[in-house]
Amino acid sequence: KQTYVLYAGLKKIALSLLLILFILSFFTLFYSDLVLTRFNSTSRLEVKSNTERLESYNQALSIVDDTWYKGLGLGQYTLRLAQLYPDLPGYIYQPVHDSGMLTLAELGLWGLLIFSTIILFIFLGANSFWLLIVAVLILGLFDHYFRSMYFGIMLWWLVLAIGYKK
């Protein structure tokens, strides 16, 4: 019986990967200019976006260096940026575009470990919506939406609640 469960799980993963590959192939075939622009990083906006993201990561690392064990507190990241870089215009102060790094900066190492444990517990008990949880986790690597905006936070916990088995 365990072999069947393992086979069913591997089959689900293989079908999911094939679906993702099909969707990526479709968009690359019909919208190649849009897809390739994101990977070439030669256009003006792509260079600007990458530069701003790298600068944001460097700022986050400097904040985490000071407060890695206890964190800043929820919602205090942009306030700390304003304190560290007071001469910048207001629209520059944005959270780092990585939910894990933002969690580490605001909650510290212990908060990140507790948060990761909760996510792992939910993922291990996930139902057939486990791919939705994986999609949200992957999106969290590239944006702070699920940690810093009200609707994103509600959507994050809704996805975890839907994906949990019990």
Side-chain angles (χ1 to χ4, degrees), residues 1-24 27 38-39 49-50 52-85 90-166:
K1 185 171 181 167
Q2 287 179 340
T3 306
Y4 175 75
V5 171
L6 179 63
Y7 173 75
L10 290 175
K11 184 177 175 184
K12 186 189 314 183
I13 291 171
L15 289 174
S16 301
L17 290 174
L18 282 174
L19 179 64
I20 290 170
L21 183 65
F22 174 76
I23 291 170
L24 286 175
F27 280 111
R38 292 299 289 174
F39 293 108
S49 173
N50 289 337
E52 288 176 356
R53 282 180 186 257
L54 287 174
E55 184 178 330
S56 177
Y57 278 109
N58 288 333
Q59 291 170 347
L61 287 174
S62 70
I63 289 174
V64 168
D65 280 345
D66 296 337
T67 61
W68 65 270
Y69 55 94
K70 65 176 181 167
L72 296 168
L74 286 174
Q76 301 300 309
Y77 184 85
T78 52
L79 178 64
R80 178 57 66 95
L81 281 180
Q83 291 169 349
L84 292 175
Y85 308 99
Y91 63 87
I92 295 293
Y93 305 124
Q94 295 184 31
V96 63
H97 287 347
D98 182 342
S99 293
M101 181 69 82
L102 183 60
T103 302
L104 179 61
E106 289 187 344
L107 299 178
L109 180 64
W110 298 112
L112 180 65
L113 288 174
I114 292 169
F115 194 67
S116 300
T117 302
I118 292 169
I119 293 170
L120 182 65
F121 177 74
I122 290 172
F123 186 74
L124 291 176
N127 59 21
S128 59
F129 290 98
W130 66 272
L131 194 58
L132 185 62
I133 295 173
V134 170
V136 169
L137 288 172
I138 291 172
L139 284 173
L141 294 174
F142 302 104
D143 207 350
H144 57 85
Y145 177 74
F146 296 110
R147 279 274 295 112
S148 62
M149 301 177 127
Y150 177 77
F151 186 76
I153 294 168
M154 294 296 114
L155 184 61
W156 164 257
W157 290 109
L158 178 67
V159 165
L160 290 180
I162 288 172
Y164 190 62
K165 202 182 282 186
K166 294 181 180 181

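Values below: all heavy atoms of this structure, side chains included; hydrogens, waters and symmetry mates excluded. Along the sequence shown, residues are numbered consecutively beginning with 1.
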Can you confirm whether Tyr145 sits close enough to Leu139 that some side-chain heavy atom of one is under 4.5 Å from a side-chain heavy atom of the other? no
Minimum-distance pair of heavy atoms, taken over all atoms of Thr78 and Gln94: CG2-C, 3.9 Å
Quick one: side chain to side chain contact (heavy atoms under 4.5 Å, CB included) partners of Leu24, sequence neighbours excluded? Ile20
Quick one: list whatever passes side chain to side chain donor-acceptor pair (under 3.5 Å) with Thr103, sequence neighbours left out. Arg147
Trp68: which residues meet the side chain to side chain contact (heavy atoms under 4.5 Å, CB included) condition with it, sequence neighbours left out? Val64, Leu109
Which pairs, with at least one residue in residues 108-117 and sequence neighbours excluded, count as a salt bridge (charged side-chain N to carboxylate O under 4.0 Å, His left out)? none
Over all heavy atoms of both residues, which pair between His97 and Tyr57 is shortest? Give the atoms and the distance, please. O-OH, 3.5 Å
Are the side chains of Leu81 and Gln59 in contact, using a 4.5 Å heavy-atom criterion? yes
Pairs meeting criterion salt bridge (charged side-chain N to carboxylate O under 4.0 Å, His left out) with involvement of residues 129-142, two or more places apart: none
Sorted by chain and residue number, the side chain to side chain contact (heavy atoms under 4.5 Å, CB included) partners of Leu160 (sequence neighbours excluded) come out as Ile122, Ile133, Trp156, Trp157
Here the gap from Ile63 atom CD1 to Gln83 atom CD, rounded to the nearest 0.5 Å, amounts to 9.5 Å
For Phe27, I'd like to know if atom CZ has over 12 heavy atoms of other residues, nucleotides or ligands within 6.0 Å. no
Excluding sequence neighbours, so at least two apart, what forms side chain to side chain donor-acceptor pair (under 3.5 Å) with Ser148? His144
Pair listing, salt bridge (charged side-chain N to carboxylate O under 4.0 Å, His left out) test, anchored in residues 134-144, at least two apart: none
Which residues share a side chain to side chain contact (heavy atoms under 4.5 Å, CB included) with Glu52, sequence neighbours left out: Lys48
Under the rule for side chain to side chain donor-acceptor pair (under 3.5 Å), what residues qualify as partners of Asn50, not counting sequence neighbours? Ser41
CG on Leu102 to CG on Leu112, rounded to 0.5 Å: 10.5 Å
Please identify each residue that fulfils ring-ring contact (aromatic ring centres under 6.0 Å, His included) with Tyr85, with sequence neighbours left out. none
Of all pairs that satisfy salt bridge (charged side-chain N to carboxylate O under 4.0 Å, His left out), the ones with a partner from residues 117-135, not counting sequence neighbours: none
Out of curiosity, Leu104 CG to Leu113 CG, how far, rounded to the nearest 0.5 Å? 9.0 Å
Here the gap from Ile92 atom CD1 to Ser56 atom OG, rounded to the nearest 0.5 Å, amounts to 10.5 Å
Reported CG-to-CG distance for the pair Leu79 and Leu84, which is rounded to 0.5 angstrom: 9.5 Å
